[in-house]
Amino acid sequence: MNYWLMKSEPEVYSISDLEKQTETIWDGVRNYQARNFLRQMKIGDLAFFYHSNSNPPGIFGLMRISKTDIADPTQFEPTSKYYDSKSTPESPRWQTVNVEFVESFIQPISLAILKEKFTPEELLLVRNGNRLSVMPVPEEVAQKILAIKYPTSA
DNA sequence: GCCAACGTTGGC
DNA sequence: GCCAACGTTGGC
């Protein structure tokens, strides 16, 4: 089982949207490095839901990968902003996954905290200038994030 | 709104 | 294949 971090602007799609919807397709990723990570995901993997362009930015919840290797349908829709004229259904360029809601953090973990706790080597997110919207999170780092989230009194 | 840090595009 | 111009991301 692997851990991931996936970004979304809450004004576009937030953890509470996912909570209401229960499950959604993570469409619209058009960056090859991010897509390559999406291709590596396995059913049952866990992903931190990161709010970008928000105040504060940070990890707001947790979700689970529920379906993998899906051709992103928006690449075939000419009216979509994610339309890719060079992609065909026979050989789709962009794959993605379905995610299902696990939990919304009562106390979100802000970017400031993440920068405090982790080095750029441990967590790609805190690397200066990083714009990747899908990235792996090492097991050890994921456990520490969950430990911050679950107080030690438990 | 500003701007740094990227990724992509396209001329050559 | 190089690289300048351009577009986008995302923190602040």
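Naming convention: chains lettered A, B, ... in sequence-line order (proteins, then strands); numbering from 1 in each chain.
Nearest nucleotide to the A:Lys7 side chain, out of C:dC12, C:dG10, B:dT8: C:dG10.
Under the 4.5 Å side-chain heavy-atom criterion for Ile, Leu, Val, Met, Phe, Trp and Tyr, A:Ile15 and A:Ile148 are members of the same hydrophobic cluster. A:Ile70 and A:Phe101 fall into different hydrophobic clusters, where Ile, Leu, Val, Met, Phe, Trp and Tyr residues are linked whenever their side-chain heavy atoms come under 4.5 Å apart, directly or through other members. In the hydrophobic clustering of ILVMFWY residues, with side-chain heavy atoms under 4.5 Å counting as a link, A:Leu146 and A:Ile113 come out together. Note: the hydrophobic cluster containing A:Phe76 does not contain A:Leu38 (ILVMFWY, side chain heavy atoms under 4.5 Å, direct or indirect links).
Dashed line: the shortest gap from a side-chain N or O of A:Tyr50 to OP1 or OP2 of C:dT9 is not under 4.0 Å. Distances shorter than 4.0 Å separate some side-chain N or O of A:Lys115 from OP1 or OP2 on C:dC12.
Taking OH from A:Tyr13 and CZ from A:Phe49, the interatomic distance works out to 7.0 Å, rounded to the nearest 0.5 Å.
For the pair A:Tyr32 OH and C:dT9 C1', the interatomic distance rounds to 18 Å; values are reported in whole Å. Atom CG of A:Asn128 and atom C1' of C:dT9 are 13 Å apart (whole Å). Residue A:Gln33 contributes atom CD, which lies 15 Å from atom P of C:dT9 at whole-angstrom precision. Between the CG atom of A:Asn31 and the P atom of C:dG10 there is a distance of 10 Å, given to the nearest Å. Protein atom CZ of A:Arg30 is 12 Å distant from nucleotide atom P of C:dT9, rounded to whole Å. Put simply, CG on A:Asn53 is 14 Å from P on C:dT8, counting in whole angstrom units. Atom CG of A:Asn55 and atom C1' of B:dG1 are 15 Å apart (whole Å). In this structure, A:Leu114 atom CG and C:dG10 atom C1' are separated by 15 Å, rounded to whole Å.
Residue A:Arg127 is the one, among A:Lys86 and A:Arg127, whose nearest nucleotide of DNA chain B lies closer to the 5' end (criterion: closest heavy atom).
Of the residues listed (A:Val97, A:Val134, A:Asn2), the one engaging A:Phe37 in a side chain to side chain contact (heavy atoms under 4.5 Å, CB included) is A:Val134, and it is the only one.
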For nucleotides 4-7 of chain C, which of its nitrogen or oxygen atoms have a protein nitrogen or oxygen under 3.5 Å away, and what is each distance?
from  : atom 1 : to       : atom 2 : distance (Å)
C:dG7 : N2     : A:Arg131 : NH2    : 3.4

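Counting Ile, Leu, Val, Met, Phe, Trp and Tyr side chains that sit under 4.5 Å apart, directly or through other members, A:Trp94 shares a hydrophobic cluster with A:Tyr32.
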